[in-house]
2 protein chains.
Amino acid sequence: MTKATIKDVAKLANVSLKTVSRVINNEPTVRAAKVKLVQDAIQKLGYKPNLAARNLRSSKGYALGLVYDNPNPYYIIDMQNGALSICREMGYGLQIHPCRSDALSIADNLVQLVKNNDLSGLVIAPPVSERADIIAVLKANNIHFVGIVSGSEEDKTLSPCMCVDDRSASRIITEHIISEGHSEIAFFWGEEVHKSSPERYKGYVDALQTHGIALNEALILQGQYSFDSGYVNAQKILALKHRPTAIVCSNDEIAAGAMAAIKSAGLSVPTDIAISGFEDSPFSRHSSPPMTTAKQATETIAASATKFLINKIRPISQEERGEETVMIFSPELIVRQSTLSPSP
Amino acid sequence: MTKATIKDVAKLANVSLKTVSRVINNEPTVRAAKVKLVQDAIQKLGYKPNLAARNLRSSKGYALGLVYDNPNPYYIIDMQNGALSICREMGYGLQIHPCRSDALSIADNLVQLVKNNDLSGLVIAPPVSERADIIAVLKANNIHFVGIVSGSEEDKTLSPCMCVDDRSASRIITEHIISEGHSEIAFFWGEEVHKSSPERYKGYVDALQTHGIALNEALILQGQYSFDSGYVNAQKILALKHRPTAIVCSNDEIAAGAMAAIKSAGLSVPTDIAISGFEDSPFSRHSSPPMTTAKQATETIAASATKFLINKIRPISQEERGEETVMIFSPELIVRQSTLSPSP
DNA sequence: CCCACTTTTGACAACGTTATCATTTTATTT
DNA sequence: AAATAAAATGATAACGTTGTCAAAAGTGGG
């Protein structure tokens, strides 16, 4: 009773072990009548296949791995939830694997991870997904994976991947700001290791060019994806003799930092300086004023990536299959007060 | 080369399969000389045990599950990282399992989860860990687990568990506020399903009693662990003809909401009303003014829980063992401007 | 109704490990 | 040095599933 095996099921259904196995894996070559017999027996015994045995014989793994190196908990959680929703649907477990993408040994670590935990594949978030060397090692070791990356075209190299079109989104944000009457617009970078940051920068540049606004190097500041970075950079901007009237920030945290700096200098957002973020973190809605930002459908993207990966891994069951290797997702502009010029 | 097995190792080391197995599982009854032989062979071949085979034969699982139902990403991430640090050290994988603690089927789901994914045990965060019915089912199904709960004594029932002493921490926060000269102090609850909230309430009451301050029902408001709840409740408080001079909030998000409401009513924190939170979320440091709060060592707690669980699961290897069934952790008071009365 | 052909089925080996228990080696006692 | 106990080792049988391949059962054409 504690543990029904295929043997028990076979006995009860009066068929061979192999036939039961066939039914379980719904192989097509079993007569309908027997299928029913077996299924009833399975039902009656409450039989559950033994994972270990199955994996041993078929050399398949236990779960998928989710690899990331990202300081933003909101982002990670969305990612996890997206991946998990599909894993559950498909009967996979999900193991998480945060890591430092700048560690030297990371590629080997990932290979180890897969072997040691018998994972069937990896879903890899940026920026790990954007490191060509790591990807190469994975491919060399025949590890199934799918990456989530920033960027729209060029990087077919990194396939298979899900792409987030940060560039367009950033362009759209910037154009929104321009349409609010600004022409002196600063840009705050995040880390360069995250490819999203250069992409977002490109989008900013695109928008300026389209509207014939010249780039002003003095208004473009390097930094990290952090509150403090935004704070510090905003102070620098405030110290300029000729201040910009808007700042496009690479993410919400930077924007929050910038906003704090501006307020503590006695100025106001958006009247004195307009601010935009990127990511739509919960706090962007709660800041005062609420923050204009771009919302990535992180959960959806992670879900798509996971679905793609599982399809890739699975013994091509009939129709499913044939999804694209590269899918593109476009973040959505969310306009809030932090960029809305008071009506004249 | 692709895959070395025990057999290969045995051949190279010129010993039997079983001896190799013994070395791998460091069983004590192998002569040092042979151990060395075998280890060298393992080294040379780059041998890695096959998880599936091992699990099949020994009917053990190879990953732990982390179960939680908590809307706070910072908390979850800390939990995950704490658990993961130990898992890695001990060679376990970690599967995550967020869930709705109010779902009826949750206990069964957990049992399924363990069976389907061959998990060796569960680390369970509140509030799931606090539901006696779920715990009972787990015990009935012989599933190894450890819970993380709020509360200091009474609940030996829920053992094995790691306890967070929310009550004392809340008392300490409240006493700090009293020592700043307040005596009209409101309290904002979180959800009652989280046992942390009643515990924190008790701590608040303890402090008032100790200092001979009478409880004022009008200042005690139900709510949820959310920004909006804090906002709404603060508005209610502000509408009172006799306003309190401080609010003790059940967590940081509530506090952030309350702070926002107070500011948008044109009042100031802490001059008009002092505010305290609980949890030390990153944004509590970045709010203006920065927020007094209590910091839970979430990562440490999760790590301890995980270590405990693994010790429990493992074939008692010599010395290790004998940890307590109930461990208590005390959050630490962090004083920031939101409760500091301006010096007179 | 028989033969060739396709579909369905089952017997048995195999996956890589650990458990059991008998055997050999080493240590201890007399 | 023999006898006995203790420790170390190995041969072989599991664990529960799927892969292989041959046998059995249908199907159709003549």
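Every heavy atom of this structure was used, including side-chain atoms; hydrogens, water molecules and symmetry mates were not. Please read all numbers here as calculations on a predicted model, not as lab measurements.
Between the side chain of B:Asn25 and the backbone N or O of B:Glu27 there is no donor-acceptor pair closer than 3.5 Å. Between the side chain of A:Glu130 and the backbone N or O of A:Lys195 there is at least one donor-acceptor pair closer than 3.5 Å. Formation of a donor-acceptor pair under 3.5 Å by the A:Thr298 side chain with backbone atoms of A:Met79 is not found in this model. When atom types are taken as modelled, the side chain of A:Arg131 and the backbone of A:Ser101 share a donor-acceptor pair closer than 3.5 angstrom.
In this structure, CZ on B:Arg54 lies 13.0 Å from CG on A:Leu56, to the nearest 0.5 angstrom.
Residue A:Asn55 is classed as having no contact, given no heavy-atom separation below 4.0 Å to the nucleic acid. Within 4.0 Å (heavy atoms only), A:Lys34 reaches sugar-phosphate atoms of the nucleic acid but no base atom.
One can place CG of B:Asp8 at 13 Å from C1' of C:dT17, the figure rounded to the nearest angstrom. Summarising the geometry, the separation between CG on B:Asn50 and P on C:dT17 is reported as 6 Å, rounded to the nearest angstrom. Atom CD1 in B:Ile6 sits roughly 11 Å away from atom P in C:dA19 (whole-Å rounding). If you measure from atom NZ of B:Lys7 to atom P of C:dT18, you get 15 Å, rounded to the nearest angstrom. Atom CD1 of A:Ile42 is separated from atom P of D:dT17 by 10 Å (rounded to the nearest Å). One can place CG of B:Leu17 at 19 Å from P of C:dC21, the figure rounded to the nearest angstrom. D:dC15 atom C1' lies 12 Å from atom CG of B:Asp118, rounded to whole Å. Separating the CD atom of B:Glu27 from the P atom of D:dA7 is a distance of 15 Å, rounded to the nearest angstrom.
You'll find that the side chain of B:Thr19 is closest to D:dT9, out of D:dT17, D:dT9, C:dT9. Of the candidate nucleotides D:dT18, C:dG16, D:dT17, D:dT17 has the atom nearest to the side chain of A:Tyr47. Closest to the side chain of B:Leu56, out of D:dG16, C:dT9, C:dT18, is D:dG16. Across C:dT17, C:dT26, D:dG16, the shortest atom-to-atom separation from the side chain of B:Pro49 is found for C:dT17. Comparing atom distances between the B:Ser16 side chain and each of C:dT17, D:dA11, D:dT17 picks out D:dA11 as nearest. Comparing C:dT17, C:dT8, D:dT17 against the side chain of B:Ala53 picks out C:dT17 as the nearest. In this structure, the nucleotide among C:dG16, C:dT20, C:dG10 sitting nearest to the side chain of B:Arg22 is C:dT20.
Distances shorter than 4.0 Å separate none of the side-chain N or O atoms of A:Arg31 from OP1 or OP2 on C:dT8. An OP1 or OP2 oxygen of C:dT18 is reached within less than 4.0 angstrom by a side-chain nitrogen or oxygen of B:Ser21. When the side-chain nitrogen and oxygen atoms of A:Asn25 are compared with OP1 and OP2 of D:dT18, one or more of them lie within a distance under 4.0 Å.
Between the base of D:dG19 and the side chain of A:Lys18 there is a donor-acceptor pair shorter than 3.5 Å. For a distance-only test at 3.5 Å, the side chain of B:Arg57 qualifies as a donor-acceptor partner of the base of C:dT18.
Nearest heavy atoms, B:Phe145 versus B:Pro160: O-CG, 3.1 Å.
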